[in-house]
Amino acid sequence: MDIAIIGAGNVGKALATSFARAGHTVTIASRDPQDADSIAAATGATVAASNDAAAETADIIVLALPFDSFADVAAEIADAAAGKVVVDVSNRMSFGSNGPDIDTTSSNAEALAALLPGSQVVKAFNTLFASNQDDPIADGIQLDGFVAADDATARQTVLDLVASIGLDPVDVGPLARARQLEGLAFLNITLNIAHAGSWQSGWKLVGAPDTGKRAA
Ligand SMILES: NC(=O)c1ccc[n+]([C@@H]2O[C@H](COP(=O)([O-])OP(=O)(O)OC[C@H]3O[C@@H](n4cnc5c(N)ncnc54)[C@H](OP(=O)(O)O)[C@@H]3O)[C@@H](O)[C@H]2O)c1
């Protein structure tokens, strides 16, 4: 697959590494060209001159960005991303009087879908720390790669992508399930914060039902 990754931080680097290892063609864009250059040097990815240029050449566009950049980047890539799969890997957390919290009535992914109505937005990879996006085995166990999307074809495409990098793909249904996927990530993050974890923990649903839509 031809994959554009927009954002060259921890997730951009981890996914560029695992996608390239799986034989995909990867293009990466970043605000600071040096960040994309160093990932390209390490992975064999190609550096794009802009977010828009990266999206233009790809079949699948992965936003490896903080959610607060989504509105700006969506406006930049909307035309180039029309009719394409856009993968949201983002997580979120707010802080109130009871400490870290999450709004379970919305999701970043649904907000992104509203920003990119011409694209097929898919939630994936967010439940894995960057280290496990690169290496999908934790404690000797193959971690799950949960995928949510409203468009069934886009969901299947990303299930196949998830499987190609060694994760166990799990089809969780429509994009609104991103609320729960963002909740799973929130729980893993808060456990590591509260207990000084090593940030190596990940999710595996044992005895999962066969959804009939695993990797093709
Ligand atoms: N880290 C993890 O383990 C992990 C796991 C699962 C999901 N996530 C989610 O993945 C997303 C990225 O996390 P991360 O850890 O990779 O963050 P990060 O290391 O801070 O990297 C974010 C990258 O996005 C870039 N960026 C921001 N706005 C941009 C724009 N308008 N155009 C192009 N690039 C832009 C940043 O560039 P600058 O350096 O110029 O700001 C930076 O390279 C977040 O939504 C996070 O919640 C993270």
Side-chain angles (χ1 to χ4, degrees), residues 3-19 26-43 45 47-56 58 61-78 80-81 86-95 100-103 106-112 115-116 121-136 138 143-148 158 162 165 167 178-193 197-203:
I3 306 169
I5 299 175
I6 300 180
N10 296 307
V11 169
K13 182 174 185 185
L15 289 178
T17 303
S18 53
F19 292 161
V26 180
T27 304
I28 188 152
S30 66
R31 271 199 297 221
D32 181 341
Q34 284 187 334
D35 294 339
D37 283 346
S38 74
I39 292 176
T43 64
V47 177
S50 66
N51 297 337
D52 192 30
E56 194 72 55
I61 300 150
V62 177
L63 299 191
L65 302 165
F67 178 70
D68 60 13
S69 296
F70 275 20
D72 288 347
V73 173
E76 277 179 71
I77 68 168
V86 178
V87 180
D88 167 28
V89 307
S90 70
N91 282 315
R92 66 205 162 102
M93 191 183 291
S94 60
F95 293 89
D101 203 355
I102 190 167
D103 169 15
S106 66
S107 68
N108 289 353
E110 291 165 284
L112 180 63
L115 291 167
L116 290 173
V121 171
V122 180
K123 189 83 191 183
F125 303 110
N126 74 296
T127 59
L128 299 138
F129 293 138
S131 53
N132 294 125
Q133 294 169 350
D134 184 350
D135 175 4
L143 296 178
D144 287 337
F146 301 101
V147 179
V158 179
V162 159
I165 66 165
L167 290 160
R179 301 173 190 183
Q180 287 75 43
L181 297 185
E182 291 171 18
L184 276 181
F186 169 85
L187 191 57
N188 200 6
I189 292 165
T190 52
L191 281 169
N192 277 273
I193 292 171
S198 61
W199 300 85
Q200 301 299 315
S201 46
W203 293 109

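Just follow the structure's listing: the first ligand is 1, and inside any ligand the first atom is 1.
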Which residue owns the protein heavy atom closest to [atom], what's the atom, and how far is it?
atom: atom 13 (O) of ligand 1; value: Val11 CG2, 3.8 Å
atom: atom 21 (O) of ligand 1; value: Gly9 CA, 3.3 Å
atom: atom 39 (O) of ligand 1; value: Asp35 OD2, 3.9 Å
atom: atom 15 (O) of ligand 1; value: Asn10 ND2, 3.3 Å
atom: atom 25 (C) of ligand 1; value: Leu65 CD2, 3.8 Å
atom: atom 47 (O) of ligand 1; value: Asn91 N, 2.9 Å
atom: atom 31 (N) of ligand 1; value: Val73 CG2, 3.4 Å
atom: atom 7 (C) of ligand 1; value: Val89 O, 3.1 Å

Could you tell me whether some N/O pair between [X] and ligand 1 is separated by less than 3.5 angstrom?
X: Asn126; answer: no
X: Gly7; answer: no
X: Ser90; answer: no
X: Arg31; answer: yes
X: Ala130; answer: yes

Side-chain heavy-atom pair [X], [Y] within 4.5 angstrom cut-off:
X: Val62; Y: Val89; result: yes
X: Val122; Y: Val147; result: yes
X: Asp103; Y: Arg92; result: yes
X: Phe125; Y: Leu167; result: yes
X: Leu143; Y: Trp203; result: no
X: Leu112; Y: Lys123; result: no
X: Arg31; Y: Val73; result: no

- Query: Can you name the closest pair of heavy atoms from Asn91 and Asn108 and give their distance?
  - Reply: O-ND2, 3.4 Å
- Message: How close do Ala54 and Ala4 get, counting heavy atoms only, and between which atoms?
- Response: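 Ala54 and Ala4 have their closest heavy atoms at O-CB, 3.3 Å.
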I'd like to check which ligand 1 atoms, numbered from 1 as shown, lie under 4.0 Å from a non-hydrogen atom of [X].
X: Leu128; result: 5 (C), 6 (C)
X: Ala64; result: 12 (C), 22 (C), 23 (C), 24 (O)
X: Gln133; result: 5 (C), 6 (C)
X: Ser69; result: 27 (C), 28 (N), 29 (C)

Less than 3.5 Å apart, any donor N or O on the side chain of [X] or [Y] sitting next to an acceptor on the other?
X: Asp52; Y: Ser50; result: no
X: Asp134; Y: Thr17; result: no
X: Asn192; Y: Ser201; result: yes

- Message: Applying a heavy-atom cut-off of 4.0 Å, say which part of Arg92 lies close to ligand 1: side chain, backbone, both or neither.
- Response: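 The answer is neither; Arg92 stays 4.0 Å or more away.
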- Note on the structure: So for Asn51 against ligand 1, with non-hydrogen atoms under 4.0 Å, the contacting part is side chain
- Message: Could you check whether any heavy atom of Glu76 sits closer than 4.0 Å to an atom of ligand 1, since that is the contact criterion I want to use?
- Response: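 In this structure, Glu76 fails to qualify as a contact of ligand 1 - no heavy atom is under 4.0 Å.
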- Item | Gln34 backbone acceptor or donor facing Asp32 side chain under 3.5 Å |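 It does hold such a pair.
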- Ignoring hydrogens, tell whether any protein atom lies closer than 4.0 Å to atom 28 (N) of ligand 1; use the non-hydrogen atoms only.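 Under 4.0 Å from atom 28 (N) of ligand 1, at least one protein heavy atom found.
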